[in-house]
There are 2 protein chains.
Amino acid sequence: MTMPVRDMLKEKGISPSYTRQKIYEFLAASTDHPTADDIYRALIRELPTLSKTTVYNVIKLLCEHDLVKPVNMSSSEMRYEVWHEPHSHFRCTVCGTIYDIPPIIPRYDAKRLEGFIIKDEEVNLSGICPICQQESTT
Amino acid sequence: MTMPVRDMLKEKGISPSYTRQKIYEFLAASTDHPTADDIYRALIRELPTLSKTTVYNVIKLLCEHDLVKPVNMSSSEMRYEVWHEPHSHFRCTVCGTIYDIPPIIPRYDAKRLEGFIIKDEEVNLSGICPICQQESTT
DNA sequence: GTCCTTGCAAAGCGTTTGCACAGAA
DNA sequence: TTCTGTGCAAACGCTTTGCAAGGAC
């Protein structure tokens with residue numbers, strides 16, 4: 001069912017170096033939309049010579065081949081996720097975590113947007129996540 | 001009908017210095033969600049001693065008092081708009097312009113988001129704007 | 001041999017901070 | 001006088017670029 005990462009990269013025309021596999025695997029296993037620095041810090045143990053430059057290079061490559069998608073909800077740093085079935089995002093304004101939530105399909109009147117070619121739609125919610133609510137009551 | 005900017009700032013508890021009025025007025029007259037640098041470059045003629053620091057200071061102040069809202073659709077720089085009636089945004093991936101479009105209200109099943117306190121919802125569309133379509137055909 | 005992947009160092013860019021001066025109250 | 005608004009210069013954080021060394025082919 002799940003294709004090995006090696007083959008998945010090859011299929012997209014990316015030569016599956018060990019570093020690239022590891023970065024993709026880390027992103028695929030993440031649910032919290034890591035930053036480039038998160039990826040770097042998570043893999044530096046296993047890949048002691050890893051550099052931030054390589055992380056950025058690989059992310060860029062994966063994005064260009066539509067294996068990874070940038071998530072632009074936090075203002076300062078870019079976050080990333082692997083492409084997966086449609087979903088929306090919820091950002092907690094307290095802890096900054098971005099959660100995947102069930103897909104919200106925006107309904108709009110196409111006639112009022114005549115002339116615009118719409119290629120992507122996203123719905124972003126924000127507020128306070130369950131964890132931060134609990135912490136504020138204790 | 002429209003309150004003078006002086007009074008609007010005062011009402012929000014902001015002392016209405018000339019610089020602050022000018023920056024707010026520029027933002028209020030803009031439809032293209034300017035960056036801090038856009039504001040700086042637009043006003044430097046009229047306010048020759050203006051500095052970027054002041055632009056950032058004033059933007060921050062206006063945001064804290066809910067007169068201005070940051071718009072976070074372009075990845076690199078922050079953009080800003082004055083608060084006005086609900087609307088959504090369309091970003092042209094060719095020219096980078098962010099357009100205000102009629103409000104799109106996201107419909108979602110609150111039960112599936114139980115535990116999350118939702119404070120803000122936004123719908124962002126992206127694609128190609130009419131102007132860039134025309135330019136690509138000529 | 002050539003091409004590709006990696007990584008160090010430096011630069012780039014938007015933004016923030018430290019601090020000081022000048023004007024307002 | 002004290003407080004507030006402004007602005008220079010420097011620092012900062014994230015990202016990109018230049019370039020070279022090592023490995024794959």
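Just so it is clear: chains get the letters A, B, ... in the order the sequence lines come, proteins before strands, and each one is counted from 1. The basis for the numbers below is simple: all heavy atoms, side chains too, and nothing from hydrogens, waters or symmetry mates.
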*Please state whether the rings of B/His89 and B/His87 are parallel, tilted or perpendicular, taking 30° and 60° as the class boundaries.*
perpendicular
Of the nucleotides [options], which has the atom closest to the [X] side chain?
| X | options | answer |
| --- | --- | --- |
| B/Ser51 | D/dT16, D/dG7, D/dT6 | D/dG7 |
| B/Thr53 | C/dT16, D/dT6, C/dT5 | C/dT16 |
| B/Leu50 | D/dT6, D/dC14, D/dG7 | D/dG7 |
| A/Glu77 | D/dT15, D/dG5, C/dT15 | D/dT15 |
| A/Ala36 | D/dT15, D/dG7, D/dG5 | D/dT15 |
| B/Thr49 | D/dT16, D/dG7, C/dT6 | D/dG7 |
| A/Asn57 | C/dT6, C/dG14, D/dT16 | C/dT6 |
| B/Tyr56 | C/dT16, D/dT15, C/dT6 | C/dT16 |

*Any sub-3.5 Å donor-acceptor pair from B/Asn72's side-chain atoms to A/Asn72's backbone N or O?*
yes
*Looking at A/Thr19, does any N or O in its side chain come under 4.0 Å of the phosphate oxygens OP1/OP2 on C/dT6?*
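Yes.
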*Is there a side-chain polar atom (N or O) of A/Thr54 under 4.0 Å from OP1 or OP2 of C/dG7?*
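Checking C/dG7 against A/Thr54, a side-chain N or O does come within under 4.0 Å of OP1 or OP2.
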*Donor-acceptor pair between A/Thr35 and A/Asp38 side chains, under 3.5 angstrom*: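 On atom types as modelled, these side chains qualify, holding a pair under 3.5 Å.
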Can you measure [X] atom [atom1] to [N] atom [atom2] for me and round it to whole angstrom units?
| X | N | atom1 | atom2 | value |
| --- | --- | --- | --- | --- |
| A/Asp37 | D/dC12 | CG | P | 17 Å |
| A/Leu43 | C/dT6 | CG | C1' | 15 Å |
| A/Ile59 | D/dC14 | CD1 | C1' | 12 Å |
| A/Leu47 | C/dT5 | CG | P | 16 Å |
| A/Arg20 | D/dA24 | CZ | C1' | 12 Å |
| A/Lys60 | D/dT15 | NZ | P | 14 Å |

*Run through A/Arg91, A/Lys69, A/Glu81 and flag the one making a side chain to side chain donor-acceptor pair (under 3.5 Å) with A/His33.*
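The passing option is A/Glu81.
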*asked:* At 4.0 Å (heavy atoms only), tell me whether B/Thr35 reaches a base, stays on the sugar-phosphate, or touches nothing.
replied: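 Since no nucleic acid heavy atom lies under 4.0 Å of B/Thr35, the category is nothing.
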*NZ/NE/NH1/NH2 to OD/OE distance under 4.0 Å, B/Glu114 and B/Lys111*: no
